[in-house]
2 protein chains.
Amino acid sequence: MRRLVKRPTMKDVARAAGVSPMTVSRAVSGEPGVSPDTAARVEQAVRQLGYQRNDNARSLRQKNLRTSTIGLVVDDLANPFYALMARSVEDEAHRRGFLVLVGSTNDEPRREREVIAAFTARQVDGLILVPTNGGHGFLKRQMDGGTCVVCVDRPAKGLAVDTVTVDNRAGAERAVSHLLGHGHTRIAYLGDRFDIWTQRERHAGYLAALASHGIPEDPALVRHELRSQSHAAAALAELRALSAPPTALFTTNDLITIGVMDGLGQPDPVALVGFDDFPLADRLSPPLSVVSQDPVALGATAANLLFSRIDGDRSAPRSVVLLTRLIVRGSGAGGGRPR
Amino acid sequence: MRRLVKRPTMKDVARAAGVSPMTVSRAVSGEPGVSPDTAARVEQAVRQLGYQRNDNARSLRQKNLRTSTIGLVVDDLANPFYALMARSVEDEAHRRGFLVLVGSTNDEPRREREVIAAFTARQVDGLILVPTNGGHGFLKRQMDGGTCVVCVDRPAKGLAVDTVTVDNRAGAERAVSHLLGHGHTRIAYLGDRFDIWTQRERHAGYLAALASHGIPEDPALVRHELRSQSHAAAALAELRALSAPPTALFTTNDLITIGVMDGLGQPDPVALVGFDDFPLADRLSPPLSVVSQDPVALGATAANLLFSRIDGDRSAPRSVVLLTRLIVRGSGAGGGRPR
DNA sequence: CTACGGATTGGTAACGTTCCCATGGACGTC
DNA sequence: GACGTCCATGGGAACGTTACCAATCCGTAG
């Protein structure tokens, strides 16, 4: 069992080096106006005592109030999509000497508020936010106080901040058009919660593709609120039981895609295109065609926007839309008909 | 463009409510000794001014120095395994009102030191650490200063702290025994960097299984340092070109497993068992048999240990070993022989 | 010899909060 | 009516650091 020792402060270092705390402060922070000789003595005292600057006290006192910490608020950090984004944000932060606080909201506005409040209470310099569908009025006050905010993956309703998204609607439209191009006309939509912006966009793309091919929408083929793989599997079973079942499926995220796969045969005459790429999608039978987005680019773009705001950029909020890519691997044709 | 407004402080709230800052402090932090009447006046002033307590200043002054922040240092946050762990740690922290700083080391001791130094400079109360292979002497000083440390996934050489791992050796031994049980005797080992503790353990398990079946080790069948899918694929190609190629493979992480899959036919006579489960492993052909570990349990266990330390537990360091599970799905037999 | 500029150093106050102790009033007891 | 007790409140100092300004020293110019 180790004894607890009080951490040394600048005062202790000053005493050991025979200088004033002010000089230690300058030496430790690498400011000019310290003779090489003195700097060496301070450095030796620092090493001997194992001194480490208290950055909390530092940021409390500093004029240009900077904590060099940002907050990242995502839907669910365990989701590989957000994990990749988080890593990308972390790398950008690390390059600039910033730290990252993370929090997951589970898409619950209440937890989002809690997490953001805890972050701003720690005086984060900025927030990268995957907003829930709740209101974000409370953020305006934080922004007045100097906290920069960037939204990523989805916009925040009624909040004028930099936003980075992908072209969900166009991506969905391309996916469904791909299915239409293979002659499918009964195409089912299997989506997640409709109060999530990306899902509404992807649904709009689905409708747009049908419309541009003159196919009427069939409400029986549209399923929302699929929160899990098992929900998705169940929805597929219901769809197949229809008197006029779908010949093709459009799934709006990886979880739903995987859930649906469990209900498909190998091979299966039903065609499938899903939103989100994932590892091994090319090893399935048939290889899965997907709309792919790049979470690393999303995170890096959001981080770069945020840091330019933190560096003082006060121009009008920007909106960046990254492009999705349709990756055709085979499952879009449907095993029952030749490609 | 919004004007920057100075954040209100307790002094401002005190003025607005007609009380002293001390009373505001008590009211805001829910301490006793404030009349309901006064508390209400303070609360109204808080709401009106949009006041939020500065938790950095708070933790600077507080006697029982607590920042209610922990640091999580993993190999790579983008790795789904660590992402799940991180989420689990975050949930435990959230339950207790703690925040989580995250950092990735890329398994580089230098970056590990940097990240940990940045965390402790912010006075984190504790660290959950996936240690690199570098020395950790510098951590002893931090622990003297009151920072609690728990290692997870791997132990840190020469550091007496709570550690949570899985039974890598037994898991590997079980996997290889499974292959041996199907009559395989030429079993290749495809592993990652040998300076990673888990890899050494899994290799030891591989050797133990061979030994207990009286099979001599063949160095030509052992490959280390496979850092990527393509490395793994290349190693497999080399193994298959041997005059006496292996009839079965043991791969020691999901990346290597997936890389190897790319070099296998569908089906393929070569059998395969991999360490780490992943989504869709059961949808491959043949369905993949794996040794599965539970990152959520790892994270939760480590977090619970850490928080009991933060709460003052000074007992001797504990070592918790969670169990892995062999999931038999078919690929362990080898497509060339009937199961 | 004095004045002066530059470089180095130190003293004091302050950041926003809480700890410690003192104060004052209400209330009950003898 | 005097006294002790409890509760609500406030004043001053301090946490570890840096901003600001003053002081000192050296060397050189006038």
Side-chain angles (χ1 to χ4, degrees), chain A residues 5-43 45-46 49-69 120-125 145-146, chain B residues 5-43 45-46 49-69 120-125 145-146:
Chain A
V5 178
K6 210 169 126 6
R7 286 196 160 88
T9 72
M10 282 195 170
K11 230 183 258 184
D12 302 318
V13 176
R15 202 169 9 244
V19 296
S20 78
M22 195 58 239
T23 301
V24 176
S25 170
R26 277 189 274 254
V28 167
S29 303
E31 279 173 33
V34 181
S35 74
D37 178 49
T38 309
R41 277 218 318 291
V42 169
E43 199 196 341
V46 164
L49 296 175
Y51 170 77
Q52 194 179 16
R53 188 176 58 194
N54 182 333
D55 280 356
N56 280 354
R58 176 177 158 84
S59 69
L60 173 63
R61 187 57 184 89
Q62 272 191 324
K63 207 62 190 183
N64 186 6
L65 206 47
R66 276 281 182 83
T67 53
S68 294
T69 304
T120 53
R122 257 73 155 200
Q123 315 295 112
V124 294
D125 297 324
Chain B
V5 178
K6 211 169 124 6
R7 287 194 159 89
T9 72
M10 281 191 172
K11 230 184 261 182
D12 302 319
V13 176
R15 204 172 5 249
V19 296
S20 78
M22 195 58 241
T23 301
V24 176
S25 170
R26 277 190 272 256
V28 167
S29 301
E31 277 173 36
V34 181
S35 73
D37 177 48
T38 309
R41 281 219 316 291
V42 170
E43 200 197 343
V46 164
L49 296 176
Y51 169 77
Q52 194 179 18
R53 188 177 57 194
N54 181 333
D55 279 356
N56 279 354
R58 175 178 160 83
S59 67
L60 175 62
R61 187 60 184 90
Q62 271 189 324
K63 203 67 190 180
N64 186 4
L65 205 47
R66 276 281 182 85
T67 53
S68 293
T69 303
T120 53
R122 257 75 156 198
Q123 314 295 112
V124 294
D125 297 324

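All values below come from the heavy atoms of this structure, side chains included, with hydrogens, waters and symmetry mates left out. Since this is a predicted model, take the numbers as computed values, not measurements.
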**OP:** List in chain and number order the residues that pass side-chain contact (heavy atoms from CB on, under 4.5 Å) with Ala121(A), two or more places apart in sequence or in another chain; answer none if no residue qualifies.
**Re:** Gln52(B), Asp55(B)

In a table with atom names and distances, give each donor-acceptor pair under 3.5 Å that connects a side chain of residues 22-31 of chain B to protein atoms at least two apart or in another chain.
unit_1	atom_1	unit_2	atom_2	d
Thr23(B)	OG1	Ser20(B)	OG	3.3
Ser29(B)	OG	Ser25(B)	O	3.3
Ser29(B)	OG	Arg53(B)	NH1	2.8
Ser29(B)	OG	Arg58(B)	NH1	3.2

Original post:
If we fit an axis to the first five pairs and another to the last five of the helix from dC1(C)-dG30(D) to dC30(C)-dG1(D), what angle do they make, to the nearest 10°?
Top reply: 60°

**OP:** Determine, for nucleotides 6-15 of chain C in 5'-to-3' order, which nucleotides have protein heavy atoms under 4.0 Å from the base (write B), from only the sugar-phosphate (write S), or from neither (write -).
**Re:** --SBBB-BBB

**OP:** Please state whether the phosphate of dT18(C), meaning OP1 or OP2, lies under 4.0 angstrom from any side-chain nitrogen or oxygen of Ser25(B).
**Re:** yes

Subject >> Heavy-atom pair with the smallest gap, counting every atom of Lys11(A) and Pro21(A) >> reply: CG-CG, 4.4 Å

Subject >> Sub-4.5 Å side-chain heavy-atom contact between Arg122(A) and Ser68(B) >> reply: yes

Subject >> Any Leu49(A) side-chain heavy atom under 4.5 Å of Val13(A) side chain >> reply: yes

Subject >> Point-to-point distance, once rounded to the nearest 0.5 Å, from NZ of Lys6(B) to CG of Asp12(B) >> reply: 6.5 Å

Subject >> Which residues share a side chain to side chain donor-acceptor pair (under 3.5 Å) with Thr38(A), sequence neighbours left out >> reply: Ser35(A)

Original post:
When all nucleic acid strands are considered with a 4.0 Å heavy-atom cut-off, which category describes Ser29(B): base, sugar-phosphate, or nothing?
Top reply: sugar-phosphate

Original post:
Contact boundaries of DNA chain D with chain A (under 4.0 Å, heavy atoms), 5' to 3'?
Top reply: dG16(D) to dC20(D)

**OP:** Sort out for me which residue in Asn56(B), Leu60(B), Asp125(B) forms a side chain to side chain contact (heavy atoms under 4.5 Å, CB included) with Thr67(B).
**Re:** Asp125(B)

